[in-house]
Asker: 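After the structure tokens below, expect a handful of questions from me.
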Amino acid sequence: MALELYLDLFSQPCRSVYMFAKKNNIPFEFKKVSLMHGEHFGDQFGKINMIRKVPALRDGDFCLAESIPIMIYLAEKFQTPDFWYPTDIHHRARINEYLSWQHTAIRMYGSKMFWLRLLIPKMIGMEVPKEKMDGALEDLNNSLNLIEEKFLQDRLFIGGDQISLADLVAIVEVMQPVGAGLDVFNGRPKLSAWRDRVRVSIGTELFDEANRDILGAQEIMGQIDPGTLELFKPKILRFYY
Amino acid sequence: MSPRKALKSFWRTSATMGLLTVVFSGENRTADFSKLNPMQKVPVMVDNGFVLTESDAILKYLATKYDVPEHWYPRQPEHRARVDEYTAWHHTNTRPHAAKVFILEVLLPAQTGSPVDQNRLRRALSELDATLDKLESMFLKRQPFLCGDDITVADLLAVCELMQPLGSGRDILKDRPQLQRWRSRVQSALGDSFLEAHAVLLAVRDRRKGRL
């Protein structure tokens, strides 16, 4: 049985896994799970991943959730080039440091911005109050500042001279608010230059393909029936609003 | 606080050499500390000039660099993936939900002098409850430890977060025998370092009891 990756490219960590697998020519079966339509709540998917989140991996009998361990597992199994997750202990620690920090920083605030700008207004039928937006923007900016000042500094990539899992995980979170119409790169030449390098390293065609859905999110949202989002309403409002 | 305890337990159990710098409240906001960590958080590791933040990154670095028993962070890819899966999930589940209870019951009232916000606490306890359900059904299941038959860094991170609400005298595992048994196994595996790491937290609890 081929290796299966359960993905929805609207989801940031799914995009990281997708780009990593394609870039490294890892053979896999793309199993689409539409979050918007609640497909992650189905019985079949629950057997693969009790946590009911995407991305998920199934390799024979072995099932795994969480994008970071999925990519590390793939890197090991398919012996991808060392720079993705270096064996050198210091380089690896630097990448692990970013991978750890980002969960409750850029990931949280980038996601929040996406929901506040695009999805919540659709759910509740009106714009989010200004103070909430301002607060969310400040948090997002603080994370972006830390990415530039602590994690990038004057390096080409987060881990050093070459791209790594840290950049793959970072770029998708930084791009998420862009999908909601917020240009986070405006006024940030260092971040923009890093994004360009990441895009070239991954391959512009693959990068653009992986980001097509999220960059078209505003248009897609315009066509969606608010009823579709009822599934998420209580949880999202509690978490983000 | 919890990530620092996890580190301290690990350090002692592995009998490695090194210095632990204890940071008291407020010291993390000084200019010197900010140079080490602009996020002004603990733990921070400095190993021969190499500065590293984030407890799970530090634990994985120590497990790799020093001669610790392999079970802490297994090398076999599928076993390691299980540990990595927990440590990733931990950030947005166990950690924030347990920490929130501690913050609402101990930290905020101490800092502001206001009484506990009971509405927020109720919601936080309910979210924590859902997280503990997932911990039992998705990770622990019928295993002795979160990721299998042996203790790993995942158990270290988890147990320290779940101990944190004890600062207010609240045992969140009170009605969960499966997780209580797991906690006992973790405590046995860690020996003295477990109590030593939690000394400050238990002192907070005892001081509060003394005041009531």
Side-chain angles (χ1 to χ4, degrees), chain A residues 13 46 49-53 55-57 59-79 85 87-105 107-108 111 142-143 145-151 153 165-166 169 235 238-239, chain B residues 3 34-41 44-45 47-66 73 75-93 95-96 99 123-124 126-127 130 133-139 141 147 154 157:
Chain A
N49 178 11
M50 278 191 76
I51 303 176
R52 292 192 177 282
K53 294 258 165 85
L57 167 151
D59 187 13
D61 289 330
F62 181 65
C63 294
L64 189 63
E66 296 288 337
S67 61
I68 292 164
I70 287 173
M71 288 189 288
I72 293 171
Y73 174 81
L74 291 175
E76 175 67 37
K77 176 162 180 158
F78 292 93
Q79 293 290 293
Y85 194 55
T87 39
D88 172 79
I89 189 177
H90 294 99
H91 279 140
R92 180 170 287 199
R94 199 50 77 214
I95 288 160
N96 279 340
E97 186 184 46
Y98 180 81
L99 295 175
S100 174
W101 169 83
Q102 58 92 31
H103 285 282
T104 48
R107 172 149 175 68
M108 200 157 78
S111 296
N142 286 339
S143 280
N145 290 343
L146 277 167
I147 289 177
E148 287 185 317
E149 290 156 25
K150 176 182 161 73
F151 292 104
Q153 294 181 30
L165 294 185
V169 166
K235 182 185 166 196
R238 199 174 64 231
F239 193 66
Chain B
S34 297
K35 276 197 218 109
L36 270 187
N37 183 12
M39 274 89 87
Q40 298 187 332
K41 297 251 165 82
V44 179
M45 178 201 84
D47 185 23
N48 287 316
F50 178 64
V51 180
L52 189 63
T53 63
E54 296 292 325
S55 57
D56 56 342
I58 294 171
L59 283 168
K60 290 170 185 178
Y61 172 88
L62 295 175
T64 310
K65 180 161 180 191
Y66 293 95
Y73 193 43
R75 276 181 225 122
Q76 198 274 339
E78 288 182 14
H79 291 149
R80 177 165 288 204
R82 283 266 96 77
V83 178
D84 288 337
E85 184 185 51
Y86 178 77
T87 61
W89 185 84
H90 175 88
H91 284 281
T92 45
N93 291 275
R95 173 141 176 77
R123 272 203 308 272
S126 163
E127 278 184 359
D133 283 340
K134 288 177 193 165
L135 204 57
E136 284 181 338
S137 61
M138 294 175 191
F139 291 98
K141 297 180 274 197
C147 301
L157 288 170

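Values in this document were obtained by computation on a predicted structure and should not be read as measured data. In the text below, chain A, chain B and the rest are named by the order of the sequence lines, each starting its count at 1.
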Asker: Select, from D47(B), T92(B), T64(B), L52(B), the one with the greatest count of heavy-atom pairs under 4.5 Å involving chain A.
Answerer: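 Among the listed options, the one with the most contacts to chain A is L52(B).
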Asker: Crowded around H90(A) NE2? As in, over 12 foreign heavy atoms under 6.0 Å?
Answerer: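 Above 12, so yes.
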Asker: Restricting to salt bridge (Lys or Arg N to Asp or Glu O under 4.0 Å), what partner residues turn up for D56(B), sequence neighbours left out?
Answerer: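 Applying salt bridge (Lys or Arg N to Asp or Glu O under 4.0 Å) to D56(B) gives none.
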Asker: Tell me, for F50(B) versus chain A, whether the close heavy atoms (under 4.5 Å) come from the side chain, the backbone, both or neither.
Answerer: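 Interface part for F50(B): side chain.
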Asker: Given that the side chain runs from C-beta out, which part of L64(A) has a heavy atom under 4.5 Å from chain B: side chain, backbone, both or neither?
Answerer: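 Contact with chain B: backbone and side chain both.
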Asker: Quick one: NE2 on H91(B) to CD1 on I68(A), what's the gap to the nearest 0.5 Å?
Answerer: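 Here the rounded value is 7.5 Å.
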Asker: I need the M45(B) CE to E97(A) CD distance, nearest 0.5 Å.
Answerer: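 It comes to 9.0 Å.
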Asker: Atom NZ of K77(A) and atom CD of E78(B): how far apart are they, to the nearest 0.5 Å?
Answerer: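 If I round to the nearest 0.5 Å, the distance is 7.5 Å.
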Asker: What's the separation between atom OG1 in T104(A) and atom CZ in R95(B), rounded to the nearest 0.5 Å?
Answerer: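 Those atoms lie 8.0 Å apart.
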Asker: Any chance you could measure Y61(B), atom OH, to R92(A), atom CZ, to the nearest 0.5 Å?
Answerer: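 Here the interatomic distance stands at 13.5 Å.
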Asker: Once you round to the nearest 0.5 Å, how far does CG of D84(B) lie from CG of N96(A)?
Answerer: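 Nearest 0.5 Å value for the CG-CG distance: 7.5 Å.
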Asker: Which bit of K134(B) is near chain A, if near means a heavy-atom gap under 4.5 Å: side chain, backbone, both or neither?
Answerer: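 Nothing of K134(B), per the 4.5 Å heavy-atom cut-off to chain A.
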Asker: Does any heavy atom of chain A fall under 4.5 Å from the side chain of S137(B), the backbone, both, or neither of them?
Answerer: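 Both parts, backbone and side chain.
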Asker: With a 4.5 Å cut-off on side-chain heavy atoms, are I70(A) and E85(B) touching?
Answerer: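 Sidechains of I70(A) and E85(B): no contact.
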Asker: When you look at R82(B) and F62(A), which way does the side chain to side chain contact (heavy atoms under 4.5 Å, CB included) test go after all the steps?
Answerer: CA-CA 10 Å; R82(B) 283 266 96 77; F62(A) 181 65; 3.0 Å; yes
Asker: Taking all atoms of both residues into account, what is the closest heavy-atom pair of A81(B) and P69(A), and its distance?
Answerer: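 In terms of heavy atoms, the two residues are closest at O-CB, 3.8 Å.
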